[in-house]
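Single-structure report; data block below.
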2 protein chains.
Amino acid sequence: MTKTPDGKSAEAPTMNDVARRAGVSAMTVSRALKEGSHVSKATRERIAQAINELGYVLDQSAGSLSSRRTGFVAAIIPSINNSNFSDTARGITDALEGTGLQLLLGYTDYSVEREEELIESMLRRRPEGIILTGGAHTDRARRMLQQAGIPVIETWDTPQDPIDKVVGFSNGAAMELLVETLAAKGYQRFGYIGGTTGRDTRGSQRRAGFVRALDRLSLPSDRIISFGVPPISMEQGGQAVVSMLDRWPDTQVALCVSDLSAFGALMECRRRGMRVPEDIAIAGFGDYEIAACCHPRMTTINVDCYGIGRQAALKLTRSIQGTSSDEVEQITLTGFRVVEREST
Amino acid sequence: MTKTPDGKSAEAPTMNDVARRAGVSAMTVSRALKEGSHVSKATRERIAQAINELGYVLDQSAGSLSSRRTGFVAAIIPSINNSNFSDTARGITDALEGTGLQLLLGYTDYSVEREEELIESMLRRRPEGIILTGGAHTDRARRMLQQAGIPVIETWDTPQDPIDKVVGFSNGAAMELLVETLAAKGYQRFGYIGGTTGRDTRGSQRRAGFVRALDRLSLPSDRIISFGVPPISMEQGGQAVVSMLDRWPDTQVALCVSDLSAFGALMECRRRGMRVPEDIAIAGFGDYEIAACCHPRMTTINVDCYGIGRQAALKLTRSIQGTSSDEVEQITLTGFRVVEREST
DNA sequence: CTTACCGATGATAGCGATAACATATCCGGC
DNA sequence: GCCGGATATGTTATCGCTATCATCGGTAAG
């Protein structure tokens, strides 16, 4: 509705209004608005002018009802305030560029219940595909997704029983690699800092990897501080490292569920006059910007967040367009690597 | 579409399918799916069962075409990987809870051109209102928004010439306050670190506030390092402070366009063995989590990011529901305050 | 007992676009 | 001059849902 000078609101112009003004049929307007249709230059210009004069904006919801293509895909991430996931979102956006598909972003605050609600309200809008974070979902969410008949990509994880397709890595294996790398440098007394169990499944898997690797190396794997509701904050990381040193003062290296808690731990240790890594070594997970920039610079695991998003979106568009002959592989594993810096 | 056992895809069930199965008319199903309509308990239950058996999901795009209510509002923020803006998004989400409105989030990467595209593609989906960040938009974007006939809220700023309504604060005044507070503590030689001009208008306004306040105090206001494309990173903040100390070694306090660049500067100074604040004081802007947690803890300006989102969403819903008699005030100013910590 | 009204349901007609088919025009080649 | 095929445009029929009005018992007020 545009406000008319008298203050009342007039109806928004429709395609028919544009058509009438340009002296053509609505169908021709529709064609002129779409790439690659045959509309003569003169007509196209007249239509463009009419659109301009009326301030017409295409109503896509009407269009998609008719064409049965909504032109968007949904992506659900745990948090938008987390550069790892927002990098994934950027990867998705970039890969969608030029496909005519738009991204509809939602965030769950790490709650599978919120995820379920979000999935439901997104499916109501009929996305052409959906990208999820992680492999843990409510039963109802799984059912809804299976019945939706659209491609589903689970990311950031390697679920046992994927709904459809997967782009991710094993969080457990990544943490195992970190433990092994540090053990090879001579560290023996490892501690782990993470949130209380539940909610953050990727965090739980990292913890499980920590335990597995140490057990394999016959090193103690019981120095685990569970603190705060996942995802734990920087502040909580600081508090957790204090508890850890309280309880096991001879801990040599503290591995944290993410760089953010590791950063909190690192700063707290510095604040207490401890030398890092001499008095205590610290490592994180995720290779956030902060890890490369803090002092001392932090050892961490780099995972290809942007690439996860990019590949997920590519897989999704291929699945959407793909005929049955053009099969898309089910699982794509993305890489990770240990980035050794000054903190270990 | 649900995949049938033979691999072919069947059409997704529609409301009519549900109605037939439940032995009622489609209209009754529609009513049963809406709160507060008169449908008998027995009928409601039969419908619920039919929905369950068929795995039916309401098609909202069809519904909104008919009801002329899409049930969502759009919000456009510069970056999702910035806790200030994601706090605003969270404020919006929370305030929208229970209103039946959903949030459609988009991000511009600080580009007004991207913003224009985004606004256009969002308007095509007919949001019931739109929340923008900042007051700088392309002419075409302004025109589209004015003609859309929906409430528009500009946030995080106090534009001279608002499109519709505003929830924000003066970035310039906030920076002036910070300068004054530090000058009162005795600091005289101030430096400023920000991105090269353009793009980040809030950053430019902070810089302008910096200059204004120092001029008023008759202190030198020319120690300005412009470095990198806004928003500047932590790393760039570190590089910038090095240039600053190179050029004006006797600088007493470095003010940064955001906590992130301030953090980079802080860490770089520590890395070079400087004492903060004794050798150089540092302050940021935004009161990010990192400011309270780093060592030394950082002085900064706290702005009520969450409140901005909350109030913007409240204003928006009031404008959407509001009759003309129920006028909504045009401008809401949100507060800010200096948070003094160890770094100054 | 009649009137009025409310609650429960159905029938019908769009919402604003596009798919699919139909029609008209123009072109060059024979 | 006629024909096939491309280009340009129009007509008609939905897409899946909800607004609106109509219908029909039942029930309370007069």
Side-chain angles (χ1 to χ4, degrees), chain A residues 1 10-48 50-51 54-72 100 121 123-128 148-149, chain B residues 1 10-47 50-51 54-71 100 121 123-128 148-149:
Chain A
M1 296 171 285
E11 286 301 305
T14 73
M15 194 172 266
N16 265 314
D17 299 328
V18 174
R20 206 168 313 121
R21 189 170 195 114
V24 294
S25 73
M27 196 61 232
T28 302
V29 177
S30 175
R31 288 196 184 99
L33 253 31
K34 216 166 68 174
E35 304 289 304
S37 330
H38 306 276
V39 176
S40 74
K41 191 135 186 280
T43 309
R44 204 177 277 271
E45 273 162 13
R46 250 179 316 134
I47 291 173
I51 286 177
L54 291 171
Y56 171 73
V57 176
L58 181 68
D59 186 332
Q60 202 161 156
S61 53
S64 42
L65 180 58
S66 177
S67 67
R68 304 159 112 353
R69 293 212 51 202
T70 52
F72 81 93
S121 61
L123 288 181
R124 278 211 238 280
R125 301 190 187 276
R126 298 287 190 269
E128 299 187 29
Chain B
M1 296 170 286
E11 286 301 307
T14 73
M15 194 173 267
N16 264 313
D17 299 327
V18 175
R20 206 168 312 123
R21 189 169 196 114
V24 294
S25 73
M27 196 60 233
T28 302
V29 176
S30 174
R31 289 197 183 97
L33 253 32
K34 213 165 70 175
E35 304 289 303
S37 326
H38 305 276
V39 176
S40 74
K41 190 132 186 280
T43 309
R44 205 178 276 274
E45 273 163 13
R46 252 180 313 135
I47 290 173
I51 286 177
L54 292 171
Y56 172 71
V57 176
L58 180 68
D59 186 332
Q60 201 161 161
S61 53
S64 41
L65 181 58
S66 178
S67 67
R68 302 157 116 354
R69 292 212 50 200
T70 52
S121 61
L123 288 181
R124 278 209 238 279
R125 300 189 188 276
R126 299 287 189 269
E128 298 187 28

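Hydrogens, waters and symmetry mates are skipped; everything else that's a heavy atom, side chains included, is used.
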For the side chain of [X], counting heavy atoms from C-beta on, which of [options] is nearest?
X       : options                : value
A:Tyr56 : C:dT9, D:dG16, C:dA17  : C:dA17
A:Ser66 : C:dT18, D:dG16, C:dA11 : C:dT18
B:Met15 : D:dT9, D:dT18, C:dA17  : D:dT18
B:His38 : C:dA20, C:dA17, C:dA8  : C:dA8
B:Ser40 : D:dA19, C:dA8, D:dG16  : C:dA8

Output the rounded distance in Å from [atom1] ([X]) to [atom2] ([N]).
X        : N      : atom1 : atom2 : value
A:Met27  : D:dT11 : CE    : P     : 13 Å
A:Arg31  : C:dG16 : CZ    : P     : 21 Å
A:Asp17  : C:dA17 : CG    : P     : 9 Å
B:Arg44  : C:dA8  : CZ    : C1'   : 11 Å
A:Arg68  : D:dG16 : CZ    : P     : 4 Å
A:Leu65  : C:dC15 : CG    : C1'   : 9 Å
A:Arg125 : D:dC15 : CZ    : P     : 22 Å
A:Asn16  : D:dG10 : CG    : P     : 12 Å

Could you tell me whether a side-chain N or O of [X] sits under 3.5 Å from a main-chain N or O of [Y], the two making a donor and an acceptor?
X       : Y       : answer
A:Arg44 : A:Ala32 : yes
B:Arg68 : B:Leu65 : no
B:Arg46 : B:Ala22 : yes

Review point. Just wondering, do B:Val18 and B:Leu54 contact through their side chains at under 4.5 Å, heavy atoms?
Key: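 Counting from C-beta outward, B:Leu54 and B:Val18 do come under 4.5 Å.
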Practice item. Would you mind classifying the nucleic acid contact of B:Ser67 as base, sugar-phosphate or nothing, using non-hydrogen atoms under 4.0 angstrom? Key: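 Contact class for B:Ser67: sugar-phosphate only.
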Check your understanding: Which part of the nucleic acid, if any, lies within reach of B:Thr43 when heavy atoms closer than 4.0 Å are counted: base, sugar-phosphate only, or nothing?
Key ->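 Touches sugar-phosphate only.
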Review point. Does any N or O donor sit under 3.5 Å from an N or O acceptor when you compare the side chain of B:Arg126 with the base of C:dG16?
Key: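 Checked by distance alone, the answer is no.
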Does a nitrogen or oxygen in the side chain of [X] sit under 4.0 Å from OP1 or OP2 of [N]?
X       : N      : answer
A:Ser25 : D:dT9  : no
B:Ser64 : D:dT18 : no
B:Lys34 : D:dA19 : yes

Point to revise | DNA chain C: 5'-proximal contact among B:Arg46 and B:Ala62 (nearest heavy atom) | key: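 So the residue in question is B:Arg46.
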**Study point:** For the student: nearest non-hydrogen atoms of A:Ala19 and A:Ala26, plus distance
**Key:**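 Minimum heavy-atom contact is CB-N, 3.5 Å.
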